[in-house]
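Working notes, beginning with the structure itself.
By convention in this document, chain letters (A, B, ...) are assigned in the order of the sequence lines, proteins followed by strands, and residues within each chain are numbered from 1.
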Amino acid sequence: MSTSPSASSEGAQEEYVKVITGLGDQTFTDHSCEVVSDAGEGAQKCGQGFGSLSAKMGNGAWTVEIIPAEIEPPPRTPGSTSGVGIRIGQNKVTNAGDSVKLVIAFNEQVLLSRHRVNSLADDCIILIDSKWSVHKNPKVVAEWDAAMEEMSTKGYQWIMVPLEDETLKIVENPKRGKNMFALGVLCHIYDRDVEIAKDQIAMAFRKKPQAVTDANHQLLEAGIAWAAENLDFRFLVPATPPTSELVVMNGNEAFGMGALAAGIDVCAMYPITPASSLSHYLAEVYDNFGGVVHQAEDEIGAIGVALGASYAGKTAMTITSGPGLALKAEFIGLALMAEIPLVVINVQRGGPSTGLPTKVEQSDLLCVLYGQPGDGPKVVIAPSTIEECFHIMTTARQIAETLRTTVFILSDANLATGVTPFERPKLEASWMAGPPDQTPVDPDSRPYEWDLDTGLSKRFIPGQRGGEHTVTGLNHDENSTVNYEPQKNELAHAMRSRKIAVFGETLNAPIPHGGDEGDILIIGWGSTRGSIEEAVDRARAKGLKASSLHLTFLSPLQPGISAVCERFKKILAVEINYSDDPDAPHITKDNRRRGQLAMLLRGQLLIDCGSWGKVPGAPLQPELLLKVIESNIPKA
Amino acid sequence: MDTSLLDISGAPDERVFKANDYKGPAARWCPGCGDFSILATTRRFLESEQLVPEKTLFVSGIGCSARFPHYLKTYGFHGIHGRALPLALGAKMRRPDLNVFVVMGDGDCTSIGAGHWIHGVRYNTNLTVLLLDNNIYGLTKKQTSPTTPVKYVTNTQPQGSYLNPLHPIAVTLGVANASFVAQTADWIPAHLLATMKAAQKHKGLSFIRILQRCPKWTVDIMDAKVKTPDEMMILNHENGITDAKVQKMYKNQMEHDPSDLDAARALTDMTSHIPLGLFYKNEDIPTYDELRRGKDFTTEEKMANIEIEFDRFAV
Ligand SMILES: Cc1ncc(C[n+]2csc(CCOP(=O)(O)OP(=O)(O)O)c2C)c(N)n1
Ligand code: SF4
Ligand SMILES: [Mg+2]
């Protein structure tokens with residue numbers, strides 16, 4: 001135990017091996033830690049394994065990936081940091097939580113990167129490989145010293161771990177083993193069920209020779225043994241054995257499985273982070289469902305294939321992220337104009353342009369709402385949990401088909417790579433799309449037989465006798481005949497808009513979290529829900545009259561939002577996208593560019609909605625949001 | 001995939017279709033436009049093949065040529081500029097029972113849609129692609145297209161077009177998996193019809209470049225060709241496209257074996273004549289729609305397979 005161990009003192013290594021923290025066994029309702037390594041050293045496997053192991057034991061769990069921007073960045077640099085943050089709880093965990101209280105770092109440079117993004121709590125316990133402080137290469141030692149100097153501003157508690165040395169006793173290549181030793185250390189600290197951990201390892205390496213599993217089991221046990229011998233503390237987070245069956249996965253896998261359950265059988269895509277892993281999952285299993293992942297020549301080709309399949313009566317989706325979304329705009333316009341159902345998943349990343357490919361942001365809201373030229377009424381939904389990622393697929397497909405419209409699903413990197421358990425869905429046959437209608441068309445019906453009250457109409461699918469017509473992106477009348485008359489143009493616009501309004505009427509009013517009235521109402525959307533609600537709970541525990549409102553539908557907006565807002569003194573939209581700091585130079589009330597939800601709510605509901613929007617490239621921490629609430633709550 | 005769809009297509013149909021049964025609203029091209037001839041020939045083709053109207057789909061992009069589907073009484077998808085091929089691929093891949101045709105202009109296919117064109121050829125989906133090549137952007141009023149002859153005066157290049165044109169046949173032949181590549185002309189309907197029939201028999205993507213008259217903007221380019229039939233070189237072969245009438249009408253003819261890819265490529269360099277006929281055909285290339293067809297599962301089977309997935313992710 002020490003503050004900022006410097007390597008220059010002789011025998012530094014021994015000094016830190018036997019650790020006396022005096023902490024003993026401590027019990028928490030929730031606890032967060034990180035495992036970080038150079039890319040390719042397997043910290044992600046370790047962290048994810050720890051997360052699902054905890055879920056299996058009945059803990060709430062949420063893991064977040066820490067992803068380097070390059071595939072093989074130079075080792076021992078902050079940019080090569082790869083790993084996972086894990087938050088486990090006695091109850092359900094809805095978000096990644098605050099800065100972590102414990103970290104296992106494979107070297108000081110990757111640790112430094114976590115320090116620099118304020119991911120580590122001030123009193124964080126740091127378990128770090130001791131070898132770098134006594135390395136033969138003086139350059140490494142100098143780097144160690146500089147890193148320690150930089151981190152000395154915080155009150156971190158340091159524990160040296162002979163990570164690589166111990167691993168080398170079992171395997172030849174430590175890069176392929178340190179992670180399992182680290183998992184063993186975590187298993188001891190958090191008192192995990194070793195048998196479950198071993199089963200998991202066996203499962204992970206089931207396609208490799210038995211010797212691989214054996215070596216990894218040995219490493220796990222070595223980690224446990226080392227920790228038991230050398231550490232004098234444990235962090236206990238009691239598990240409540242699950243009452244129902246659970247599954248554990250990330251948001252992209254949940255989307256993929258949701259697509260299977262919805263009977264969607266085409267996923268047309270072009271590779272782009274953080275959406276690609278969804279197609280990887282589907283590509284692995286789609287053969288068992290007769291589905292196709294079509295990797296197109298570009299994002300335009302991808303949406304074209306999805307739209308063509310959907311036009312032909314099959315259920316198709318296209319998946320993408322920011323730059324790919326931009327390319328799809330023209331086809332979205334066509335889908336809306338021709339009223340062909342389509343599901344589009346946009347897994348948002350940081351923007352604009354290539355932006356922050358692997359990081360979380362919610363900056364595509366307005367682009368999705370208004371991004372295609374011309375008026376484009378459509379449905380936009382945002383899941384807030386990984387469980388919702390699963391169920392939203394059926395909802396989206398059904399809405400798209402019923403309304404003959406495009407349904408956008410807005411996810412983000414937080415959901416895409418976060419892993420958390422949820423109740424195993426009970427499948428229903430009715431979720432699944434049926435075969436295309438091939439019955440002859442009623443001779444009195446037309447391809448756009450709009451119901452003037454609802455704007456709805458029934459589409460004709462190729463193969464339906466008597467339904468022959470040409471769909472077109474030109475303005476058209478009920479027969480799908482090109483038409484340039486002002487009345488028909490007004491009518492067609494009104495019909496496309498009206499069906500969205502009619503759908504909106506069927507939605508429930510959102511219910512505020514916290515209380516029905518009070519001083520401040522935080523409004524959010526998408527993956528920030530868990531953090532916002534946790535912050536509200538903490539604020540209320542401190543006696544503040546704070547509540548939050550979560551919007552699942554961004555278009556159409558759910559009814560009743562204004563009524564909720566009227567019961568609060570201040571409304572504040574909180575989101576992970578850019579807004580001008582009101583105190584920044586040149587910024588006035590009039591020229592301030594606000595966050596995207598704030599703009600939407602101000603424009604649509606004419607409410608004085610404040611805006612707090614930041615682009616940290618990371619999920620919002622509840623503790624930070626608590627401060628936002630505290631500083632925004634109206635003074636009495 | 002739904003095999004039920006295939007059953008429907010295989011069911012005997014008592015109806016007999018006449019060319020006029022495929023007739024949609026009156027076409028609105030300029031008088032003398034070659035598209036009229038292609039449309040009329042297409043209707044004759046549909047009649048001769050007895051394609052079921054509701055099982056037939058014409059997909060197009062944007063341009064004068066792209067209005068084509070509107071004037072037929074089949075299913076039609078008038079899409080967006082350059083993007084007809086992805087739409088057609090999506091439809092055909094999942095609905096093998098449909099006869100899918102793609103109609104594109106030269107700007108549509110070889111400029112804005114060039115990426116989809118190259119990859120469309122490579123996918124080799126079971127489609128018949130008609131490139132209506134009038135060497136110009138027609139609908140937007142005489143701008144240079146990738147097939148406009150060099151030095152040809154257009155509204156965007158009034159000093160004369162700067163670049164050598166690309167040869168759509170040469171480009172197509174350069175793409176992996178090209179499997180049926182033919183050239184014909186709108187003013188030789190018998191040849192066009194024979195070409196479309198040959199394409200219909202072919203399994204894979206049939207790429208047909210149709211030299212198309214645009215009396216509005218490129219009258220001088222195509223008129224010269226129409227008026228000098230000796231400029232044409234008819235390609236003959238037992239495995240090619242042969243039509244007795246055409247063979248009688250045209251003086252210049254040569255034997256070309258459509259299985260010979262090098263010879264086909266060499267033909268695209270011919271400057272003395274314009275070869276018409278089948279440049280290349282390969283029946284052995286897998287089609288993307290068949291490669292990706294997949295097995296058929298009932299809802300119950302799919303649900304059981306999802307449960308297996310849940311088991312994999314079970315806590
Ligand atoms: C994305 C996009 N860019 C531009 C246009 C305008 N535009 C319409 S048709 C056309 C070119 C038509 O030329 P071609 O494809 O050769 O067809 P033609 O009219 O000659 O049959 C263009 C540029 C458009 N509709 N969409
Ligand atoms: S502009 Fe040319 S291609 Fe277009 S309709 Fe007129 S003649 Fe035909
Ligand atoms: Mg043209």
Step by step, would you call B:His78 with A:Leu474 a side-chain contact (heavy atoms from CB on, under 4.5 Å)?
CA-CA 8 Å; B:His78 179 204; A:Leu474 284 159; 3.5 Å; yes
Side chain to side chain, B:Leu87 and A:Phe331, heavy atoms closer than 4.5 Å:
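Yes, side chains in contact.
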Applying a heavy-atom distance below 4.5 Å, give me the residues of residues 63-76 of chain B that approach chain A, sorted by number.
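At a heavy-atom separation under 4.5 Å, chain A is reached by B:Arg67, B:Pro69, B:His70, B:Lys73, B:Thr74, B:Tyr75, B:Gly76.
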If you compare all heavy atoms of [X] against all heavy atoms of [Y], which two are closest, and at what distance to 0.1 Å?
X: B:Gly79; Y: A:Leu334; result: CA-CD2, 3.8 Å
X: A:Gly301; Y: B:Pro86; result: O-CB, 3.5 Å
X: A:Met432; Y: B:Thr299; result: SD-CG2, 4.1 Å
X: B:Val315; Y: A:Pro421; result: CG2-CB, 4.2 Å
X: B:Asp97; Y: A:Gln438; result: OD2-OE1, 4.4 Å

What part of [X] is in contact with chain B, defined as an atom under 4.5 angstrom from a non-hydrogen atom: side chain, backbone, both or neither?
X: A:Glu428; value: backbone
X: A:Phe390; value: side chain
X: A:Pro425; value: both
X: A:Ala55; value: both
X: A:Tyr286; value: neither
X: A:Thr472; value: both
X: A:Val248; value: both
X: A:Ile340; value: side chain
X: A:Val285; value: side chain

Looking only at heavy atoms and a cut-off of under 4.5 Å, which of [options] has the most pairs with chain B?
options: A:Met337, A:Met203, A:Glu297, A:Lys56; answer: A:Glu297
options: A:Ile196, A:Asp298, A:Thr481; answer: A:Asp298
options: A:Gly467, A:Gly58, A:Gly333, A:Gly473; answer: A:Gly467

[X] [atom1] to [Y] [atom2] distance, which is reported to the nearest 0.5 Å:
X: B:Arg94; Y: A:Thr315; atom1: CZ; atom2: OG1; result: 9.0 Å
X: B:Tyr22; Y: A:Glu468; atom1: OH; atom2: CD; result: 10.0 Å
X: B:Lys302; Y: A:Leu427; atom1: NZ; atom2: CG; result: 12.5 Å
X: A:Phe289; Y: B:Phe297; atom1: CZ; atom2: CZ; result: 8.0 Å

Between A:Glu284 and B:Arg312, is there a side-chain N and carboxylate O pair less than 4.0 Å apart?
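Between B:Arg312 and A:Glu284 there is a salt bridge, with a charged N closer than 4.0 Å to a carboxylate O.
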B:Lys295 with A:Asp287: basic N within carboxylate O range, under 4.0 Å
no
Heavy-atom pairs under 4.5 Å with chain A: which of B:Ile80, B:Leu85, B:Val100 has the most?
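Top option by heavy-atom pairs under 4.5 Å: B:Ile80.
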Using non-hydrogen atoms and a 4.5 Å limit, figure out which bit of [X] sits close to chain A: side chain, backbone, both or neither.
X: B:Leu57; result: side chain
X: B:Tyr123; result: side chain
X: B:Arg28; result: neither
X: B:His116; result: both

Relative to each other, are the rings of B:Tyr288 and A:His294 parallel, tilted or perpendicular (30° and 60° limits)?
perpendicular
Ring-plane angle category for A:Tyr281 and B:Phe313, please: parallel below 30°, perpendicular beyond 60°, tilted otherwise.
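Judged by the thresholds at 30° and 60°, the geometry between A:Tyr281 and B:Phe313 is perpendicular.
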Side-chain donor or acceptor of [X] paired with backbone N/O of [Y] under 3.5 Å:
X: B:Arg292; Y: A:Val293; answer: yes
X: A:Asn288; Y: B:Asn305; answer: no
X: A:Arg424; Y: B:Glu307; answer: yes
X: B:Arg95; Y: A:Pro462; answer: yes

Quick check on A:Tyr448: does its OH atom have over 12 non-hydrogen neighbours (other residues, nucleotides or ligands) under 6.0 Å away?
yes
Above 12 or not: heavy atoms from other molecules or residues under 6.0 Å from NZ of B:Lys216?
no
